Amino acid sequence: MKYKIVKENKPTLRTFGKYKAVASHQRTVSNMEILKEVCEQHPYDEPLVNAIMMRLSEVVSRHLRAGDIVQLREWGRLKLEIESEKVDSPEEFRPKKHIRSVRLHIIPESENGKPVLYKGIEFKKEKI
């Protein structure tokens with residue numbers, strides 16, 4: 001996994017002005033690329049694998065939107081979390097006004113306290 005070193009630029013943080021590592025994402029892999037890789041490695045029919053991937057996506061999304069936590073083997077638990085503004089009392093809270101966003105969180109599955117999803121990652125500084 002490639003990373004780069006960047007300066008913290010949020011003045012409200014204690015770490016303002018210090019340097020940190022951030023992941024350097026090289027590209028986005030599409031459903032079709034994943035589909036082709038799966039079919040290259042196994043003798044599966046592309047339309048069948050595509051249908052399974054699409055159905056899995058629909059089912060997982062439905063459960064997440066319903067507020068469920070989805071457990072995926074070797075990935076971990078997926079759940080949606082709400083980011084909202086703070087208000088002085090529960091009576092003041094208005095969802096359309098105070099909810100800023102919804103974010104997907106992945107809590108990696110672990111073996112002996114080590115996340116399986118992160119197994120084998122090697123860190124390399126990105127060349128600028």
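If you read the sequence from its start, that first residue is 1, and numbering goes on from there. Remember, it's a predicted structure, so these values are computed and weren't measured experimentally.
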Let me have the donor-acceptor pairs involving side chains of residues 50-62, under 3.5 Å, with sequence neighbours excluded, atom names and distances please.
residue, atom, partner, partner atom, Å
R55, NH1, E58, OE1, 3.4
S61, OG, S57, O, 2.9

Can you give me every donor-acceptor pair (side chain of residues 100-110, partner residue at least two apart or in another chain, under 3.5 Å) with its distance?
residue, atom, partner, partner atom, Å
E109, OE1, E74, N, 3.1

Distance-only donor-acceptor pairs under 3.5 Å for side chains of residues 33-47, two or more places apart:
residue, atom, partner, partner atom, Å
E33, OE1, S30, N, 3.0
E33, OE1, S30, OG, 3.4
E33, OE2, R27, NH1, 2.8

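In this structure, the separation between CD1 on I121 and NZ on K124 is 12.0 Å, given to the nearest 0.5 Å. For the atom pair NZ (K7) and CZ (F16), the distance works out to 7.0 Å, reported to the nearest 0.5 Å.
L117 and L78 fall into different hydrophobic clusters, where Ile, Leu, Val, Met, Phe, Trp and Tyr residues are linked whenever their side-chain heavy atoms come under 4.5 Å apart, directly or through other members.
Listed by chain and number, the residues in a side chain to side chain contact (heavy atoms under 4.5 Å, CB included) with K4 are V6, V22, E126 (sequence neighbours excluded). Applying the side chain to side chain donor-acceptor pair (under 3.5 Å) test to E85 and every residue at least two apart in sequence or in another chain returns nothing.
Listed by first then second residue, pairs satisfying ring pair (Phe, Tyr, Trp, His ring centres under 6.0 Å) with a partner in residues 56-84 number zero, not counting sequence neighbours.
In this structure, Q71 contributes its side chain and I69 its backbone to no donor-acceptor pair below 3.5 Å.
For K10 and E8, the salt-bridge test fails: no basic side-chain N is under 4.0 Å from an acidic carboxylate O.
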